[in-house]
Structures are given as C-alpha cells and as structure tokens.
Amino acid sequence: MVIGIIGGTGVYEFAAMETSTRLVELRHDTAYGTVELLRGEREGHELCFLPRHGAGYAIPPHQVNYRANMMALHELGCTHVIATNAVGSLRLEMPPGDLLIPHDYLDFTKTRALTFFDRRGEGVVHTDQSAPYCPELRDALIAAGADIPVTVHPRGVYVCTEGPRFETPAEIAMFAQWGADVVGMTSVPEVALAGELKICYASICIITNYAAGITGQPLTEAEVVEMMSQRIDTLRALIVDVLGRIPA
Ligand code: HPA
C-alpha cells in the first residue's frame, strides 16, 4: 500500500520520513505537469510526501496545480492520501489550535481546473461526492486523534474560497448560516479529484485563526504561520500514528 501525504501551509517536509531507509527525491511527469515529491517508507507503508505549495511555499492556493499533484500520487500508486489544511474557524467553540477532520465541503472556488474528465470524446462523468472525505480514513484519524493532547473535532464542513485574499465578514456570516464550520483555500478541487481517481482521501484541518468578523480582529498571514509552527510536532505524531491504523 502506498500512502500519499500532502503538506499544506506550514508543513513543508515530513521529518518522520527521515527514518526511512530508502528516501528518494522524485520529479514525476504527468499529463498535467511535473511534480516534485519525496518517496520513502514508514510503519510498513510506502509514503509519498508532496508539499502542496511547492518547495519554499512558492505557489499560492489558486495557482496550485491540483490535477498534476493528484495524478502524480495516483500514478505512483497511492491508494490513500492524507492532506493537511490550515483553516479559519467560523465557530467560537472551535478555537485556534484545535484540529478538525472534515466530513463535507462547500465549493466557493472560481478559477480552478476541477476535473480530469473534461476531454471531448471521453463522455460525461459525474463523480459521487456523498462522502467526499473517506469515512475509513477519517475514522483512523479520529481514533489516532484521541491520543494527542489537542482537541480534534471529529466532523465539520469545510468551505473552500478562491483566495488569495481572506474572506469578508459578510461572506463568513453567510457561510456560517449555510452550515460551514471552517474556511480554507485548498481542499477543493483536491478532494474532488481524489474522488475521480478513487483515492481514499481525508484531511486534517489545523485551525489557525478565527475567520473574518468572528472576533472583530483583523486577520494576518503571520498568525496562520505561528499557529502552524506550534502544531507541527503534534501533526507529525498524528500522521505517524494513523499510518499504523489504516486498514489494508
Ligand atoms: N480563511 C481562508 N483560508 C485560511 C484561513 C482563513 O481565515 N486561515 C487559514 N487559511
């Protein structure tokens, strides 16, 4: 079994892979572009680690080549993918520092290539998104999350915005009424593309801030980065733990 790990903001390397005996840097060409990733081994699994924003956090969320990333993981044999996503919270009872394992999403992206099924002559394909985040992998993450000294919310709705700007208070108030719990800029189309490739995909959301208008404080990129650095060790431990819990 090969497991993909997509590192979001603040997760640029996966130190757990350093114990790997066969750590390889790869450049993998797909029909959608070239992807740089690390391949290694841990807890009896082959792992592919892919920093979503590229080496050095160079690619903004609306310009990430989601199709190349997901196709590369698929072509390298990944059956499961664990992603990390920094998010803002729309709920006072979900404070910064907590983690959340989303079970559903709202898509408010605007300009992204959102499917592999857009070539003329290939017919029409509609992918089921009734359970967009893999229930089995979510269960494994929730079980592993019980062992860490940080609150892990076992479900929640992720609203994905286009970015790169943060949202307005009016947008956040609307999303909250519509059922969203956390907001970020990267889960879509990644989760939907995983569905098209039949990859079992789940996300660990790291709540880095309250979303716009929730507390009245202005939002800064610095608070996102600061909270990510506070949670990086917990996140690595959680991912290593979950590797041992993924059913074959
Ligand atoms: N909005 C969008 N994306 C984010 C946020 C936010 O408040 N925090 C971290 N990523």
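First listed ligand is number 1; within each ligand, the first listed atom is number 1.
Polar contact with ligand 1: present for Ala86 (N/O pair, distance under 3.5 Å). Residue contacts with ligand 1: Val224 is placed with no nitrogen or oxygen under 3.5 Å of a nitrogen or oxygen of the ligand (distance criterion only).
The single protein non-hydrogen atom nearest to atom 4 (C) of ligand 1 is Val183 O, 3.7 Å, given as residue, atom name and distance. When hydrogens are left out, the protein atom nearest atom 5 (C) of ligand 1 is Gly88 N, 3.4 Å; that is the closest non-hydrogen contact. With respect to atom 7 (O) of ligand 1, the closest heavy atom belonging to the protein is Asn209 ND2, 3.0 Å. Protein heavy atom closest to atom 1 (N) of ligand 1, with residue, atom name and distance, is Glu167 OE1, 2.8 Å. For atom 3 (N) of ligand 1, the closest heavy atom belonging to the protein is Gly184 CA, 3.5 Å.
For Tyr66 and Tyr32, the ring centers are positioned 6.0 Å apart or more.
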With salt bridge (Lys or Arg N to Asp or Glu O under 4.0 Å) as the criterion, how do Lys110 and Glu162 come out once you've worked through the C-alpha distance, each side chain's angles and the decisive distance to 0.1 Å? CA-CA 6 Å; Lys110 295 172 183 162; Glu162 183 67 6; over 6 Å; no
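Rounded to the nearest 0.5 Å, atoms CG (Asp104) and CZ (Arg155) are 8.5 Å apart. Taking CZ from Arg245 and CG from Leu141, the interatomic distance works out to 10.0 Å, rounded to the nearest 0.5 Å.
By the neighbour-count criterion of 12 heavy atoms within 6.0 Å, atom CD of Glu25 is sparsely surrounded, having that number or fewer from other residues, nucleotides or ligands.
The pair Asp118-Arg67 meets the salt-bridge criterion, with a side-chain N (NZ, NE, NH1 or NH2) lying under 4.0 Å from an Asp/Glu carboxylate O.
Counting the atoms of ligand 1 from 1 in the order shown, those under 4.0 Å from a heavy atom of Thr208 are 8 (N), 9 (C). Applying the 4.0 Å criterion to heavy atoms of Leu219 picks out, from ligand 1, the atoms 7 (O).
Less than 2.5 Å separates the SG atom of Cys200 from that of Cys134.
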